[in-house]
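Provided herewith is a single structure, encoded as structure tokens, for subsequent inquiry.
Note that the numbering runs from 1 along the sequence shown for the chain. Read the numbers this way: they start at 1 and go in the same order the structure lists the ligands and their atoms. Side-chain atoms are counted along with the backbone in the values below, which use heavy atoms only and exclude waters and symmetry mates.
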Amino acid sequence: MVEIPDYLLERSREARARFQGTDAEPVEQTAAIVESSASNEETVPVKTEAPEAELEKVEPPKPIAPWVEAAKNRKKIPVWMAPVALFLPIWAFMIWGTLEEPSSHEEGPIAAGGEIYNQCATCHGAGGGGGVGYQLNEGEVVKTFPDVESHIAWVVNGSSAAGTPYGDPMREDSQRISQAQGVMPGFASLDSLQILEVVLYERVTHGLQSPESLEAYVIWAESGDLPVWEAGVYPQLIASSFDEFLESNAEAEEAYEEALEEATG
Ligand code: HEC
């Protein structure tokens, strides 16, 4: 018998098995024969490994059950629906908030004053809580300026020279005193309507006065009949313009008298 080296025999057997897809059975038989012809024993454990791996690959795919197939093909809820569903209650809540009926001072001159107040907010705080400028809210602004006219004059002119007293001389703690000329800038650049609007806004929102008590001034703002207020304007001058207006407008005069009665009880 011609001696063929075992490793060559082994290699050809493996190749054949791989090619035909047969299993390890015949390999073992031949291996036994080869073994009997006095050959190396180390070849025996090597042979079975490759065919075993082959077997796994050949296994046909399991048929998919029809109900599994149906479940896979049915229409699904799109993935983006998850966050949508999550936020729906929040949106509903937000929309609900906007459905409220507007209260009387969410439109008209007082509301318009809220827009202008943005120019004041840098110093007095968005809610009037104060900053560089004094706190205006929680009624503070009305303590300094109990009357609309001196409030208007202040906003037009801004601060006077340091040490100049301003506002109510009987203010609960003590009268205000200007820190320095212009630390509160004058707003003569705004027109009279804008000045009156921001003053009315401050008196309602920060000063906590009722819109009804200011009705006559609201009518004045809406009349289109405001005088021009330039730097240097003073409260008495504004008051005399207002008196003239009341004489010419019965509705405003009535509103003013009603407010006076309310205030004096
Ligand atoms: C650059 C900062 C600044 C801006 C802007 C500003 N203020 Fe003032 N405001 C001040 C300062 C400072 C004072 C105190 C004045 C002083 O001490 O001389 C003051 C005082 C006041 C007061 C009197 C408050 C009190 O109790 O003494 C009112 C009312 C007021 N400001 C209204 C306004 C309005 C209305 C606007 C916008 C149209 C405005 N301010 C914009 C700085 C500012």
Check your understanding: Quick one: do the His151 and Glu202 side chains pair a donor with an acceptor below 3.5 Å?
Key -> yes
Review point. Do any heavy atoms of Gly167 fall under 4.0 Å from ligand 1?
Key: no
Review point. Which protein non-hydrogen atom lies closest to atom 36 (C) of ligand 1, naming both residue and atom, and how far is it?
Key: Cys120 SG, 2.8 Å
Review point. Side chain, backbone, both or neither: which part of Lys143 has a heavy atom under 4.0 Å from ligand 1?
Key: neither
Review point. How far apart are the closest heavy atoms of Ala180 and Ser159, and which atoms are they?
Key: O-CB, 3.2 Å
**Study point:** Distance from atom 22 (C) of ligand 1 to nearest protein heavy atom, with residue and atom
**Key:** Trp154 NE1, 3.1 Å
**Study point:** Mode of Val183 contact toward ligand 1 - side chain, backbone, both, neither (heavy atoms, under 4.0 Å)
**Key:** both
Check your understanding: In ligand 1, which numbered atoms sit nearer than 4.0 Å to a non-hydrogen atom of Ser159?
Key -> 15 (C), 16 (C), 18 (O)
Practice item. Go through the side-chain N and O atoms of Asp147 and Ser150 and say whether any donor and acceptor fall under 3.5 Å apart. Key: yes
Review point. Hey, is Ile116 touching ligand 1 through its side chain, its backbone, both or neither, going by heavy atoms under 4.0 Å?
Key: neither
Review point. Counting from 1, what ligand 1 atoms have a heavy atom of Val132 closer than 4.0 Å?
Key: 12 (C)
Review point. Considering distance alone, does some N or O of Thr122 sit under 3.5 Å from an N or O of ligand 1?
Key: no
Point to revise | Glu115 and Tyr201, any side-chain heavy atoms less than 4.5 Å apart | key: no
Review point. What protein heavy atom is closest to atom 24 (C) of ligand 1, reported as residue, atom name and distance in Å?
Key: Leu136 CD2, 3.8 Å
Review point. Hey, does Arg176 come in under 3.5 Å of ligand 1, counting only N/O atoms on both sides?
Key: yes
Study note, to complete from the structure: shortest atom 2 (C) of ligand 1-to-protein heavy-atom contact is with Cys123 SG, 1.8 Å
Study note, to complete from the structure: The protein heavy atom nearest to atom 41 (C) of ligand 1 is Phe187 CE1, 3.5 Å
Point to revise | Contact check: Tyr134 to atom 8 (Fe) of ligand 1, N/O/S below 2.8 Å | key: no
Check your understanding: Nearest protein heavy atom to atom 39 (C) of ligand 1, by residue and atom, and its distance?
Key -> Met184 CE, 3.3 Å
Revision key, fill the gap. Test ring-ring contact (aromatic ring centres under 6.0 Å, His included), reference Tyr256, set Phe242, Phe245, Trp220, output is Phe242
Practice item. Check the surroundings of atom CH2 in Trp67: do more than 12 heavy atoms from other residues, nucleotides or ligands lie under 6.0 Å from it? Key: no
Revision key, fill the gap. Under 4.0 Å from one or more heavy atoms of Val155, ligand 1 contributes atoms 35 (C)
Practice item. May I ask you to check if ligand 1 and Glu202 share an N or O to N or O distance below 3.5 Å? Key: no
Exercise for review: Measure across Ser213 and Ala259 and return the closest heavy-atom pair with its distance rounded to 0.1 Å.
Suggested key: O-CB, 3.5 Å
Check your understanding: Angle class for the Trp154/Phe145 ring planes (parallel below 30°, perpendicular above 60°, tilted otherwise)?
Key -> tilted
**Study point:** Interfacing atoms of ligand 1 (cut-off 4.0 Å, heavy-atom, Val141)
**Key:** 29 (C)
Point to revise | N/O/S from His124 sitting under 2.8 Å away from atom 8 (Fe) of ligand 1 | key: yes
Check your understanding: Tyr134 and His206: aromatic ring centres closer than 6.0 Å?
Key -> no
Exercise for review: Just let me know how Pro185 lines up against ligand 1, side chain, backbone, both or neither, with a heavy-atom cut-off below 4.0 Å.
Suggested key: side chain
Review point. For residues Glu222 and Tyr217, is any side-chain donor paired with an opposing acceptor at under 3.5 Å?
Key: no
Check your understanding: What part of His151 sits under 4.0 Å from ligand 1 if we count only heavy atoms: the side chain, the backbone, both or neither?
Key -> side chain
Review point. Quick one: which ligand 1 atoms are inside 4.0 Å of a heavy atom on Gln119?
Key: 5 (C)
Check your understanding: What protein heavy atom sits nearest atom 26 (O) of ligand 1, and how far off is it?
Key -> Thr144 OG1, 2.5 Å
Practice item. Compute the shortest N/O to N/O distance between Gln179 and ligand 1 and return yes if it is under 3.5 Å, no if not. Key: yes
Review point. Any idea which part of Phe145 is under 4.0 Å from ligand 1, heavy-atom wise: side chain, backbone, both or neither?
Key: side chain
Check your understanding: Stepwise, does the salt bridge (Lys or Arg N to Asp or Glu O under 4.0 Å) test hold for Glu69 with Arg74?
Key -> CA-CA 9 Å; Glu69 194 72 50; Arg74 120 183 96 84; over 6 Å; no
Exercise for review: Answer yes when Arg171 and Glu140 have at least one side-chain N-carboxylate O distance shorter than 4.0 Å, and no when they do not.
Suggested key: yes
Review point. Less than 4.5 Å apart, any side-chain heavy atom of Ile152 and any of Tyr234?
Key: no
Review point. What is the minimum heavy-atom distance between Leu193 and Ala221, and which atoms define it?
Key: CD1-O, 3.4 Å
Check your understanding: Between Glu14 and Arg11, is there a salt bridge with N-O shorter than 4.0 Å?
Key -> no
